[in-house]
Amino acid sequence: MKILVVDDDPRLREALEVGLQLQWEDAQVLSAADGESGLEVFFREEPDVVLLDVAMPRMNGFEVLKEIRRISDVPVIMLTARAEDVDQVRGLELGADDYVLKPFSHLALMARIKAVLRRAEMPPPVDSLPDFTAEDLAIHFQNEEVTVAGQAIKLTPVEYKLLYHLVRNTGHLMPHQALVDRVWGSEYDAGPEYLKVFISRLRAKLRTPGGPEYIETERGRGYRFVRPRELGAEARLAS
């Protein structure tokens, strides 16, 4: 397994290299001191997970993440000393899988890495469901393909699992915690605001100009997948 650490703090890079190799003896820990060199290492080595600092010289972590997401769904955990919600939301909206505040404990970070790797490796649920259609949306469960108006759309593993569980419960409310438990696991500590970002990303990918909205919000409670003809005038679609 290859783990890429991109951070301008040499002491942190060294500590992470030691900690990661203690956790995974066969891990190859790669490192870079700024965003541009981090991207060079990423494209050359194709790591299995990326630990990415936000505030760096030359190219910040958000810019690096945007470039990574152009070509790859590799798990990315953002590392930052800034606790502002707006920064966390921005990172998640750009495609980060998790966000860890500095200073962090070694054990907590290892748990986060294991969680994102587990989600990336876990095959999306298939069961024996037939293909699902609703207006322009079609889901082909056997090959995990999702199309909108006949065009294939690329979903991350988390987005696909969210859509899967919402569709499995079409017309029924999925409470925030139920969705978090089914997609991330019951041990994962994520609140409604965290889930909201991923729902917003999923909605954006399913949306077409003038087309219907498929995911309804029930404020303070959760989300439900609704076929367009079931959407009533009272539907609340704000993410």
Side-chain angles (χ1 to χ4, degrees), residues 1-121 156-159 184-185 187-191 193-198 200-201:
M1 178 174 66
K2 294 181 181 180
I3 303 173
L4 172 59
V5 179
V6 186
D7 197 295
D8 61 341
D9 183 342
R11 291 175 299 177
L12 179 61
R13 293 198 308 273
E14 182 178 354
L16 284 176
E17 181 174 358
V18 172
L20 290 167
Q21 290 187 326
L22 283 174
Q23 183 68 49
W24 292 284
E25 292 183 2
D26 60 343
Q28 180 182 356
V29 183
L30 313 164
S31 67
D34 59 68
E36 289 185 1
S37 58
L39 277 179
E40 292 175 3
V41 176
F42 177 82
F43 291 129
R44 183 177 69 246
E45 299 291 342
E46 298 182 351
D48 299 289
V49 63
V50 179
L51 306 181
L52 178 60
D53 186 28
V54 170
M56 292 185 293
R58 300 173 64 183
M59 189 178 194
N60 68 40
F62 296 133
E63 294 170 316
V64 174
L65 176 61
K66 190 180 296 185
E67 292 302 312
I68 289 175
R69 283 293 173 255
R70 291 183 191 278
I71 65 160
S72 174
D73 289 329
V74 65
V76 176
I77 298 176
M78 306 295 288
L79 308 176
T80 182
R82 301 189 300 190
E84 289 86 353
D85 289 343
V86 65
D87 288 334
Q88 297 187 38
V89 169
R90 183 182 178 192
L92 295 172
E93 286 179 339
L94 289 173
D97 294 270
D98 207 344
Y99 213 98
V100 177
L101 294 177
K102 301 176 181 177
F104 46 77
S105 75
H106 172 81
L107 291 178
L109 181 61
M110 295 304 116
R112 296 279 183 154
I113 296 172
K114 289 178 182 178
V116 297
L117 287 172
R118 187 165 58 247
R119 292 197 298 274
E121 295 170 357
T156 66
V158 167
E159 291 163 352
W184 284 273
E187 77 282 0
Y188 199 75
D189 181 21
E193 291 302 312
Y194 192 87
L195 179 60
K196 177 180 176 181
V197 173
F198 287 92
S200 295
R201 280 167 43 183

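In this structure, CG on Leu20 lies 4.5 Å from CD1 on Ile3, to the nearest 0.5 angstrom. With rounding to the nearest 0.5 Å, the separation of CD in Gln28 from CD in Glu17 is 10.0 Å. With rounding to the nearest 0.5 angstrom, the OG atom of Ser37 is 6.5 Å from the CZ atom of Arg58. Distance CG/Leu109 to CZ/Arg112: 9.0 Å, rounded to 0.5 Å. Separating the OH atom in Tyr99 from the CG atom in Leu92 is a distance of 8.0 Å, to the nearest 0.5 Å.
The backbone N or O of Lys196 sits less than 3.5 Å from a side-chain atom of Ser200, completing a donor-acceptor pair.
Asp48 is linked by a side-chain contact (heavy atoms from CB on, under 4.5 Å) to Met1, Lys2, counting only residues two or more places apart in sequence or in another chain. Residues satisfying the side-chain contact (heavy atoms from CB on, under 4.5 Å) test with Lys114, not counting sequence neighbours, are Gln23, Trp24, Arg118. With sequence neighbours left out, the side-chain contact (heavy atoms from CB on, under 4.5 Å) criterion links Glu14 to no other residue.
Between Val50 and Leu65 there is no side-chain heavy-atom pair separated by less than 4.5 Å. Asn60 places none of its side-chain heavy atoms less than 4.5 Å from the side chain of Val54. Side-chain atoms of Leu4 and Leu52, non-hydrogen and from C-beta on, never get closer than 4.5 Å to each other. Proximity of Arg69 to Leu94: side-chain heavy atoms (C-beta onward) are nowhere separated by under 4.5 Å. Side-chain contact between Asp53 and Val6: absent, with no pair of heavy atoms (C-beta onward) separated by less than 4.5 Å. The shortest side-chain heavy-atom distance between Met59 and Leu39 falls under the 4.5 Å cut-off. By the 4.5 Å heavy-atom criterion applied to side chains, Val49 and Leu117 are counted as neighbours. No side-chain heavy atom of Val76 sits under 4.5 Å from any side-chain heavy atom of Asp98.
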Residues Val5, Leu30; criterion side-chain contact (heavy atoms from CB on, under 4.5 Å); working and verdict
CA-CA 6 Å; Val5 179; Leu30 313 164; over 6 Å; no

Glu67 vs Arg70, salt bridge (charged side-chain N to carboxylate O under 4.0 Å, His left out): CA-CA, chis, key distance, verdict:
CA-CA 5 Å; Glu67 292 302 312; Arg70 291 183 191 278; 3.0 Å; yes

Walk me through whether Gln21 and Asp26 qualify under side-chain contact (heavy atoms from CB on, under 4.5 Å).
CA-CA 7 Å; Gln21 290 187 326; Asp26 60 343; over 6 Å; no

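For the residue pair Ala96 and Met78, the shortest heavy atom distance occurs at CB-CG, 3.6 Å. Here the closest heavy-atom approach between residue Arg13 and residue Ser31 is recorded as CD-CB, 3.9 Å. The two residues Pro57 and Asp8 have their closest heavy-atom pair at CD-OD2, 3.6 Å.
Counting non-hydrogen atoms of other residues, nucleotides and ligands closer than 6.0 Å to CD of Glu45 gives a total above 12.
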